[in-house]
Amino acid sequence: MASLHSILCFFCYSFVLASNGAAASRKVFTFQESQENSSIASNQYRTAYHFQPPKNWMNDPNGPMYYNGIYHLFYQYNPFSAVWGNITWGHSTSTDLINWTPQDPAIKPSKPFDINGCWTGSATILPGNKPVILYTGSDTQNRQVQNVAFPKNLSDPFLREWMKPDYNPLMEPVDGINASQFRDPMTAWHGSDGHWRVAVGAEIEGNGTAILYKSGDFVHWMRAASPLHTSRGSGMWECPDFYPVLSKGRQGLDTSENSKDVKHVLKMSLGETHSDHYMLGRYDLEKDIFVPDKMVDDYRAWLRYDYGNFYASKTFFDVKKKRRILWAWLNESDTKADGLLKGWQGIQAVPRTIWLDSNGRQLVQWPVKELESLRRNGAHLHNTEIKTGGLFEIKGVKASQANIEVDFELPNLEIAKPFDPSWLIDPPKLCRDEDASVQGGLGPFGLLILASHNLEEHTAVFFRVYKAHNRHMVLLCSDQRRSSLRPEVDKPAYGSFVDIDIKKEGKISLRTLIDHSVVESFAGGGRTCITARVYPEVLVTGDIHLYAFNNGTETVKVSKLQAWDMAKPWINVEGE
Ligand code: DQQ
């Protein structure tokens, strides 16, 4: 069974480190002040099972779709460099969402309506099984306009070539629309009146907006009198997404479906904060507007798919497996100079299935089932206690390329520290103030990831549990501040609460995907997700460790721990 090793005393361990040259035992959990302006540009930061092009710059996922047995992923791509520019639609195809074959760029700047860039857009499958792409073009005057493209040859299973009709653009920035804030058309949906609808992200008089257009033929589009939704709560909405979810169950729905058994999701990406937010609500068919369940004009109160590095996301309906799948761009937090040296920047999150929580209050996400086919060699453990100050190493898996799943049980919930409601305003601050080194009652407990043997480098993904008036509050933190000794990389601490009833469920679950420079964590079965980009020096030297720890005053029980190596699939290997 498990090659999980004996529990070490956290603070004894710290002491050993201190006597090895650090100034004090506390040094293990303080920032390392390296003066060295190191620029490592290691290919160890390249991921193994996350989607990346063979080289160069990538940002937003574009037009994901399933068509005649093939999954397509397009993406914002610079064919010439590892920085943003010359934006075209990169293209890859797959039969399993895990292995990807690179194709030539699908849409390139070539016409007056997109000569300065082919920006983000979405795919729609028209009646008769005909795929179509709507995308933003930056035209000869750098105005943002919305264009359409069709596959040249529908009998090509990979839809390699796309054509752009001369009647483009379909939508132009007129009648008060700011020509530099008008982009990213979503997947279109079909109304019961036989007309198509699509919304485009915009900012009008400082307010984030999804402008609605209607069409009978997908060629002539009319702006609707009212936007799909607008809010004073934020500026420009990039990459809006709008889709139905079933009130009960995990099955996904086609974007055009609507009935009393569905809720609608409106997602917007906020450039200022580089974060994706969503609201749940209903689609009022009569007025053609989205009506949120809760009307809040402050984006900080909107829900998020992921409380870490996760942006410009887009969903599609997988008609083959009847599920809705979410893609998102994970930006680098390394320097631009290192990006240029590495020759690439930008990866995609693993595709996630997304559905409405049975409580109706939020969405839930889980990596697509196919990802499990990459699991190898497991390490398993059951019913092990981690006493206060305990730290144990999870051995038997490749600590830089793994999938780990842990269930934590807390025998004594009563000793949880009291909860202060003001913490809801800024959970990342709480994660910074009460980090993994700050001993609490119930927690901190969790994982130390991509750790060096002396813990000078590690990413801490952990929980704390507090007692509120009538329930327990579970905080999830993903703290990158000690993830790398390199001073030049961005190392934030992320955090959010997990909406679970721990008394009822009896456990807190954590699944973490580790893949070189990315750590994706799913807590409470996917109710709270946090993704981090990290660049530890230890990835370069190769002596990488993975630990579970408990720095609370109360013993924590690991009722189940499973860890696997993750194999490297074929992702955009050139010359395939
Ligand atoms: N990226 C695209 C835009 C979009 C932004 C340009 C979001 O269309 O608004 O590459 O990352």
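Both ligands and their constituent atoms are indexed starting at 1 by order of listing.
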Note to self: I need the full list of salt bridge (Lys or Arg N to Asp or Glu O under 4.0 Å) pairs touching residues 85-104, with sequence neighbours left out, sorted by first then second residue.
What the structure shows: none
Notebook entry, point to check: Are the charged groups of Arg486 and Asp334 less than 4.0 angstrom apart, N to O?
Noted result: yes
Margin query: If you count every heavy atom of other residues, nucleotides or ligands that lies below 6.0 Å from His274 atom NE2, does the total exceed 12?
Written below: yes
Note to self: I need the single residue from Asp306, Ile347, Thr47, Asn59 that forms a side-chain contact (heavy atoms from CB on, under 4.5 Å) with Leu330. Which is it?
What the structure shows: Ile347
Which N/O atoms of ligand 1 sit under 3.5 Å from a protein N/O, and at what distances?
| unit_1 | atom_1 | unit_2 | atom_2 | d |
| --- | --- | --- | --- | --- |
| ligand 1 | 1 (N) | Asn59 | ND2 | 3.4 |
| ligand 1 | 1 (N) | Asp60 | OD2 | 2.8 |
| ligand 1 | 8 (O) | Thr120 | N | 3.3 |
| ligand 1 | 8 (O) | Asp184 | OD1 | 2.5 |
| ligand 1 | 9 (O) | Arg183 | NE | 2.7 |
| ligand 1 | 9 (O) | Asp184 | OD2 | 2.6 |
| ligand 1 | 9 (O) | Glu238 | OE2 | 3.3 |
| ligand 1 | 10 (O) | Asn59 | ND2 | 3.1 |
| ligand 1 | 10 (O) | Gln76 | OE1 | 2.6 |
| ligand 1 | 10 (O) | Trp84 | NE1 | 3.0 |
| ligand 1 | 11 (O) | Asp60 | OD1 | 2.8 |
| ligand 1 | 11 (O) | Asp60 | OD2 | 3.3 |

Distance-only criterion, 3.5 Å: show the donor-acceptor pairs between side-chain atoms of residues 80-88 and protein atoms not counting sequence neighbours.
| unit_1 | atom_1 | unit_2 | atom_2 | d |
| --- | --- | --- | --- | --- |
| Ser81 | OG | Val83 | N | 3.2 |
| Asn86 | ND2 | Asn78 | OD1 | 3.1 |
| Thr88 | OG1 | Tyr77 | O | 3.3 |

Margin query: Once salt bridge (Lys or Arg N to Asp or Glu O under 4.0 Å) is applied, what residue pairs with a partner in residues 204-230 remain, sequence neighbours excluded?
Written below: Lys214-Asp288
